[in-house]
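Read the structure below first, then the notes.
Note that ligands are numbered from 1 as they come in the structure, with each ligand's atoms numbered from 1 the same way.
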Amino acid sequence: MINKDFRYRMPTQIIFGIDKVDTIADYVGDKKTLLVTSGGWLRRGLVDRIKSLTDSVVVAVCTDVKSHPEFKDLEKTYKDIHQNEFEQILAVGGGSVIDGSKFFSVYNENKDAKFVTDLIKGKIEKKGYKCIPIIAVPTTAGTGSEITPWATIWDMEEKKKYSLHLPELFCQTAIYDPTLTLSVPKQITIQTGLDTLSHSLESIWNKNANEITVSYAVKASKLILKYLPLLANDLDNIEYRTMIMKACMYAGLAFSNTQTAIAHAMSYYITANKGIDHGIACSFTLPMIIDTIKGKYDFIDEALKEIFGELSSDKLRNMLHSVGVSTDFNDYGIDEQEFENVKKSLANNQRAGNSLVVL
Ligand SMILES: [Zn+2]
């Protein structure tokens with residue numbers, strides 16, 4: 001049964017459209033700004049472009065956030081950047097850049113990184129902190145971090161994923177400019193697109209689902225199903241890029257209020273132990289999950305039928321294969337015995353706890 005009573009929160013201002021990055025000064029204003037971005041964007045001149053658009057408010061630039069950001073690296077960078085005084089963070093990049101920015105945005109009186117790490121790892125209570133506002137400009141269409149109140153941080157020594165989750169971590173503004181995704185290579189386009197699909201489907205088989213989130217999730221899933229295979233074969237097509245970015249936004253509007261579920265819960269083991277990229281690790285399992293859940297909840301069946309036109313995982317399986325993604329666990333080095341380990345990793349996992357699907 002879907003939740004009859006619900007509440008929904010989205011404090012992030014959303015700006016969407018071609019070349020919207022050129023209007024960035026309207027949102028940045030005259031506040032002292034830390035620009036967090038990737039080395040790639042620095043080389044391609046985006047940093048200079050933003051600096052010229054924003055009238056010398058950028059007091060420092062950080063290009064040190066790696067993909068799948070880890071505590072040890074973020075802590076080091078945290079110390080350096082907080083030598084500067086800044087009132088807001090402008091995060092221009094993929095999900096890792098935005099997640100890293102969220103780590104940097106949290107501070108206490110002493111501005112020490114250990115405080116943030118301890119807060120994330122649950123060693124201290126979630127209090128006595130402040131958050132610096134973030135303006136996010138996503139340059140991939142996938143993670144949705146620009147409109148969620150959490151960030152994913154990894155401890156690869158522990159082989160564990162942590163979540164920094166605070167109600168204040170919703171970005172102040174998210175600027176979606178599809179032109180920024182034109183340079184994203186094919187594999188990353190596919191990986192991030194599939195992450196979006198997983199976010200939307202996961203918000204459907206979810207204990208926190210409600211009418212609002214399901215309607216956004218259906219919209220997002222349909223867009224991915226239709227446009228991701230087209231985009232994979234025509235990467236310069238701005239219409240397809242726009243549709244996939246819209247899907248990412250709708251998925252964010254859905255799962256920001258439900259969190260993810262079982263596919264993500266399984267994916268963390270697969271990424272940490274098999275080195276499989278997040279977008280693939282959280283999506284190749286989706287057809288199996290649909291086969292497990294179909295016929296059990298009316299509202300899920302209805303949503304799946306609206307997305308796929310039938311109550312079956314066939315269309316999704318075909319779509320994944322068409323973009324070169326196997327749905328066979330063995331192809332990821334997971335045999336039956338290892339699948340038991342995957343299942344074991346779900347115990348006490350909060351994302352698994354959200355799931356209406358039980359394996
Ligand atoms: Zn994800």
Side-chain angles (χ1 to χ4, degrees), residues 65-70 91 93-103 136 138-154 160-165 169-171 174 181 184 187-206 208-209 213 216-217 220-221 223-225 228 244-245 247-289 316 320 323 325 332 342 345-346 349-355 357:
V65 183
K66 297 184 188 135
S67 76
H68 299 103
E70 293 186 51
S96 300
V97 162
I98 300 172
D99 283 356
S101 298
K102 289 182 180 177
F103 185 95
T139 58
T140 59
T143 71
S145 185
E146 63 283 351
I147 46 173
T148 69
W150 58 77
T152 297
I153 316 286
W154 293 85
K160 217 175 147 189
K161 165 259 177 191
Y162 286 89
S163 188
L164 168 60
H165 190 170
L169 275 188
F170 273 109
C171 293
T181 64
V184 180
Q187 282 317 313
I188 297 177
T189 300
I190 292 170
Q191 288 160 4
T192 49
L194 293 177
D195 193 20
T196 287
L197 180 65
S198 186
H199 293 156
S200 31
L201 292 175
E202 293 255 271
S203 72
I204 296 173
W205 47 69
N206 198 302
N208 305 315
T213 60
Y216 284 137
S221 306
L223 286 171
I224 294 291
L225 211 62
L228 191 62
I244 294 300
M245 191 157 233
C248 169
M249 178 195 72
Y250 281 127
L253 290 171
F255 91 114
S256 57
N257 277 258
T258 61
Q259 300 184 332
T260 53
I262 191 95
H264 274 70
M266 288 195 287
S267 82
Y268 300 128
Y269 176 93
I270 298 166
T271 294
N273 292 279
K274 299 285 165 190
I276 308 293
D277 167 83
H278 175 68
I280 304 298
C282 71
S283 60
F284 81 88
T285 56
L286 293 171
M288 175 203 73
I289 294 169
L316 176 55
L320 288 166
V323 294
V325 174
Y332 300 93
V342 176
S345 76
L346 301 179
N349 181 304
Q350 200 218 338
R351 300 299 191 252
N354 294 331
S355 179
V357 182

Taking the Zn ion (ligand 1) as the reference point, name the nearest N/O/S atom of H278.
-> NE2

Is a side-chain N or O of T258 found less than 3.5 angstrom from the main chain of N206, in a donor-acceptor match?
-> no

Check: T152 main-chain N/O paired with S163 side-chain donor or acceptor under 3.5 Å = no

Could you tell me whether any N, O or S atom belonging to C282 is less than 2.8 Å from the Zn ion (ligand 1)?
-> no

Describe, in one word, how the ring planes of H165 and W150 are oriented to each other, choosing from parallel (under 30°), tilted (30 to 60°) and perpendicular (over 60°).
-> perpendicular

What angle, in degrees and rounded to 10°, do you get at the Zn ion (ligand 1) when you join it to NE2 of H264 and to OD1 of D195?
-> 100°

Are K161 and T271 linked by a side-chain donor-acceptor pair shorter than 3.5 Å?
-> no

Measuring from the Zn ion (ligand 1), name the closest N, O or S atom belonging to H199.
-> NE2

